[in-house]
Amino acid sequence: MMKKLAYVFLSGEAGGSIEYYKNLIEEKDIYCGDGGANLVDEIGLYPKEIWGDMDSVREEVLKKFQEMGTQVKKFSPDKDFTDGELILEYVSSKGYDEIHVIGGFGGRIDHSLTNTNLLFKYRRVKFITEREEVFAIDSFAELDYPSGTTVSFIPFTDEVVGVTLIGFKFPLDNYTLKRGESICMSNVILQRGRVEFKAGKLLCVVQKKYRKNMEI
């Protein structure tokens, strides 16, 4: 059975070319947090819905998509959530197996860091660029990427207890990874990678093979 997949565009940098995203997404369910609609327009795609306070989306882009039937939900700028959290909360409630976020990084550093923390709130979410995939791991994961893929693991709690890495160039066995340590940076998958741990929060960053094109 095919996974039910949604794409969410935020207001950061796309981190990839128009060609890459057109080939990746084609006709999928697309949602935007405010200025993410600008990226969708540049790629030549069409969003189902746009959520936010509409302070980042270009006026002509918003009008174009409204005329095409996109639903727009506007919020006051004085709200308790970022546009990114609003749209992820909504899309996460719609039963998708996976949600891939584009434009989650770049631009304001505070937005990039806040978006990273959202990965621990919305567990089926993965941030993607043409170069990288970023996601949280819940105590166990098998990483089915080609041999030679570079992977980093970053602690998001004071300790990540019992880290075990199997199928990597630099294996670990029941290691306690402390915040600020870099021992889990730039590891390499030799075969199907497996990571598990007993307690804590762990972020995974996968470096994908990248063919340089003009980025948006």
| Other residues, nucleotides, ligands: >12 heavy atoms within 6.0 Å of Ile109 CD1 | no

Original post:
More than 12 non-hydrogen atoms from neighbouring residues, nucleotides or ligands closer than 6.0 Å to NZ on Lys4, yes or no?
Top reply: yes

Centroid separation Trp51 to Tyr31 less than 6.0 Å
no

Strictly under 6.0 Å, is that where the ring centroids of Phe197 and Phe153 end up? no

Residues 99-113 vs salt bridge (charged side-chain N to carboxylate O under 4.0 Å, His left out), sequence neighbours excluded, gives Arg108-Asp110

Any donor-acceptor pair under 3.5 Å from [X] side chain to [Y] backbone:
{"X": "Asp53", "Y": "Lys74", "answer": "no"}
{"X": "Asn23", "Y": "Glu19", "answer": "yes"}
{"X": "Ser182", "Y": "Met185", "answer": "no"}
{"X": "Tyr46", "Y": "Ile30", "answer": "no"}
{"X": "Arg124", "Y": "Ser92", "answer": "yes"}
{"X": "Thr129", "Y": "Glu132", "answer": "yes"}
{"X": "Ser112", "Y": "Phe105", "answer": "no"}
{"X": "Asp34", "Y": "Ser56", "answer": "yes"}

Is there a side-chain contact (heavy atoms from CB on, under 4.5 Å) between Phe9 and Ile43? Walk through the geometry before answering.
CA-CA 11 Å; Phe9 281 77; Ile43 296 169; 3.6 Å; yes

Would you call [X] and [Y] a side-chain contact if the rule is heavy atoms closer than 4.5 Å?
{"X": "Phe127", "Y": "Asn115", "value": "yes"}
{"X": "Phe156", "Y": "Asn117", "value": "yes"}
{"X": "Leu203", "Y": "Val134", "value": "yes"}
{"X": "Leu165", "Y": "Tyr175", "value": "no"}
{"X": "Cys32", "Y": "Glu49", "value": "no"}
{"X": "Leu86", "Y": "Lys79", "value": "yes"}
{"X": "Cys204", "Y": "Leu143", "value": "yes"}
{"X": "Asp41", "Y": "Phe65", "value": "yes"}

Salt bridge [X]-[Y], side-chain N to carboxylate O under 4.0 Å:
{"X": "Glu85", "Y": "Lys121", "answer": "yes"}
{"X": "Arg123", "Y": "Asp138", "answer": "yes"}
{"X": "Arg179", "Y": "Asp158", "answer": "yes"}

Residues pairing under side chain to side chain donor-acceptor pair (under 3.5 Å) where one sits in residues 163-173, two or more places apart or in two chains, turn out to be none

Residue pairs passing the side chain to side chain donor-acceptor pair (under 3.5 Å) test with at least one member in residues 140-155, sequence neighbours excluded, are Glu133-Tyr145

Check whether NZ of the Lys or CZ of the Arg Lys126 lies under 6.0 Å from the centre of the six-membered ring of Phe135 and within 45 degrees of that ring's axis. yes

By ring pair (Phe, Tyr, Trp, His ring centres under 6.0 Å), Phe170 pairs with (sequence neighbours left out) none

Verify same cluster id: [X], [Y] (apolar side-chain graph, 4.5 Å):
{"X": "Ile87", "Y": "Leu119", "value": "yes"}
{"X": "Tyr21", "Y": "Val61", "value": "yes"}
{"X": "Leu24", "Y": "Val8", "value": "no"}
{"X": "Phe120", "Y": "Val101", "value": "yes"}
{"X": "Ile183", "Y": "Ile189", "value": "yes"}

Sequence neighbours excluded, the answer for side chain to side chain donor-acceptor pair (under 3.5 Å) partners of Asp80 is none

Arg58 meets the side chain to side chain donor-acceptor pair (under 3.5 Å) criterion, sequence neighbours left out, with Glu60

Exercise for review: Apply side-chain contact (heavy atoms from CB on, under 4.5 Å) to Leu172 and Cys184, showing your working.
Suggested key: CA-CA 9 Å; Leu172 288 176; Cys184 288; 3.6 Å; yes

Closest heavy-atom pair, Ser11 versus Gly36, reported as atoms and distance to 0.1 Å, is OG-N, 3.5 Å

Quick one, Thr176 with Val160, criterion side-chain contact (heavy atoms from CB on, under 4.5 Å). Give me CA distance, side-chain angles, the key distance, then yes/no. CA-CA 6 Å; Thr176 296; Val160 181; over 6 Å; no

Give the intermediate values and the outcome of salt bridge (charged side-chain N to carboxylate O under 4.0 Å, His left out) for residues Glu196 and Arg194.
CA-CA 7 Å; Glu196 57 186 61; Arg194 175 183 173 125; 3.1 Å; yes

*Give the C-alpha distance, both sets of side-chain angles, the deciding distance and a yes or no for side-chain contact (heavy atoms from CB on, under 4.5 Å) between Ile137 and Val195.*
CA-CA 9 Å; Ile137 294 177; Val195 55; 3.6 Å; yes

